[in-house]
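Have a look at the structure below before the remarks.
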Number of protein chains: 2
Amino acid sequence: MTFLADAQQAIKDAGGRMTEQRRLIVELLAQTTEQFDAERLYLTAREQNDGVSLATVYRTLNILEAHGLIAPHYVSRDHERKYYELSNHDEYYHFTCRNCRKVIPFRSDRIQALKAALEQDLGIEVMHACVCFGDDSPA
Amino acid sequence: MTFLADAQQAIKDAGGRMTEQRRLIVELLAQTTEQFDAERLYLTAREQNDGVSLATVYRTLNILEAHGLIAPHYVSRDHERKYYELSNHDEYYHFTCRNCRKVIPFRSDRIQALKAALEQDLGIEVMHACVCFGDDSPA
DNA sequence: TTGCTATTGCAAATCGTTTGCAATAAGCAT
DNA sequence: ATGCTTATTGCAAACGATTTGCAATAGCAA
């Protein structure tokens, strides 16, 4: 199930049309591994087709988000821009380095264990959670 | 060590002055247990003293954040506003309910254990981390 | 092809937050 | 207390990211 196919389906299901601009945007996203924002995506898209407007990028991102193909990424403490990541990711986690501000992804099955334990402890189903360490304020 | 005293100290250390407006804002914050944003704080402050402007609220929040007395709170997926929480909190965590959107705080020493284990595993010092559960996209 | 209507680019609008400026007030020195 | 220096204020304009109104364009089903 490719990202493009999924997107195509989502758009069609919503009674939408697969335009040239949307195809380009979705193709670019399909190749994306890192997080991205509207501006960066817009600039990249422009390189291939200068008939893509920023408004269209925003509109397309909103559609993809609404259909769960991409999701906002809030690890970065930059509250100015809205960053996205693809939704078809494996379960993964990230640290943000206080010095270089880089987002460092990692895996650890310890976290799966924590999740299970918390569900047990608290009697809830964890769908999405944010756990904050440290008692000092982030930079 | 009261919040007000800490704030007073922080402002003084920065060569600042404790004005009537700042005192009011800080006093309101000292009584705050939930997360807050500039707008809500502004409206509350207005009830006590209608000579407090939104600009002053923003400026005061920026000072308090710079001095580590409050910290931005990014659990909420509302990327429109900037939410804060007091920094002098114990280590605590929160779930966001997908249905009612409420932020549910909780404690669990399991997380302290996870933190220690990750530091061991990865050879880093955890100051602040965000751990995301679930492979489906958040609402 | 034709026709209906979703989509586009543009520019103007919005929303939260920041900033320039002239007036005011903290608080130190007297 | 009084005066002086300068940080702080309120206001309104500026800002940057995102959204939206509109007339023109282009999917796509018949």
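Just so it is clear, the values below take in all heavy atoms, side chains as well, and ignore hydrogens, waters and symmetry mates. The shown structure was predicted, so the numbers you read here are calculated from the model rather than taken from an experiment. Letters A, B, ... are given to chains in the order of the sequence lines, protein chains preceding strands, and every chain is numbered from 1.
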One should read off an interatomic distance between B:Ile11 CD1 and B:Arg23 CZ, to the nearest 0.5 angstrom, of 9.0 Å
Rounded to whole angstrom units, what separation is found between the NZ atom of A:Lys12 and the C1' atom of D:dA29? 11 Å
CD of B:Gln8 versus P of D:dA7: gap in Å, rounded? 18 Å
Are OP1 or OP2 of D:dT9 and a side-chain N or O of B:Arg22 less than 4.0 angstrom apart? yes
Expected output: side-chain A:Thr44 to main-chain A:Arg40 donor-acceptor under 3.5 Å: yes
In this structure, how many angstroms lie between the C1' atom of D:dG16 and the OH atom of A:Tyr42, rounded? 15 Å
Which is more 5' along DNA chain C, the nucleotide nearest B:Tyr58 or the one nearest A:Leu54? Just name the residue. A:Leu54
Quiz question: by atom type and distance under 3.5 Å, do the side chains of A:Asn49 and A:Glu20 form a donor-acceptor pair? yes
Looking across every strand, which nucleic acid part, if any, lies under 4.0 Å from A:Arg59 by heavy atom: base, sugar-phosphate, or nothing? base
Does D:dT18 have OP1 or OP2 under 4.0 Å away from a side-chain N or O of A:Asn62? no
Is it true that A:Lys82 and A:Glu65 make a salt bridge, defined as a side-chain N closer than 4.0 Å to a carboxylate O? yes
Length of the CZ-P vector between B:Phe36 and C:dT17, whole Å: 12 Å
Interatomic distance where CZ belongs to B:Arg81 and P belongs to C:dT14 [whole Å]: 16 Å
For B:Glu39 and C:dT17, give me the distance from atom CD to atom P, rounded to whole Å. 8 Å
OP1 or OP2 of D:dT9 under 4.0 Å from side-chain N/O of B:Thr19: yes
Between B:Met18 and A:Gln21, which residue's closest nucleotide on DNA chain C lies nearer the 5′ terminus? A:Gln21
Would you mind classifying the nucleic acid contact of B:Asp37 as base, sugar-phosphate or nothing, using non-hydrogen atoms under 4.0 angstrom? nothing
Give the rounded distance in Å between these two atoms: CZ of B:Arg23 and P of D:dT8. 13 Å
Can you identify which nucleotide, out of C:dC10, D:dC28, D:dC11, has its nearest atom closest to the A:Arg17 side chain? D:dC28
Does C:dT7 have its OP1 or OP2 closer than 4.0 Å to a side-chain nitrogen or oxygen of A:Thr56? no
Atom OH of A:Tyr84 and atom C1' of D:dA17 are separated, to the nearest Å, by 11 Å
Flag, side chain of B:Thr32 to backbone of B:Glu34, donor-acceptor distance under 3.5 Å: no
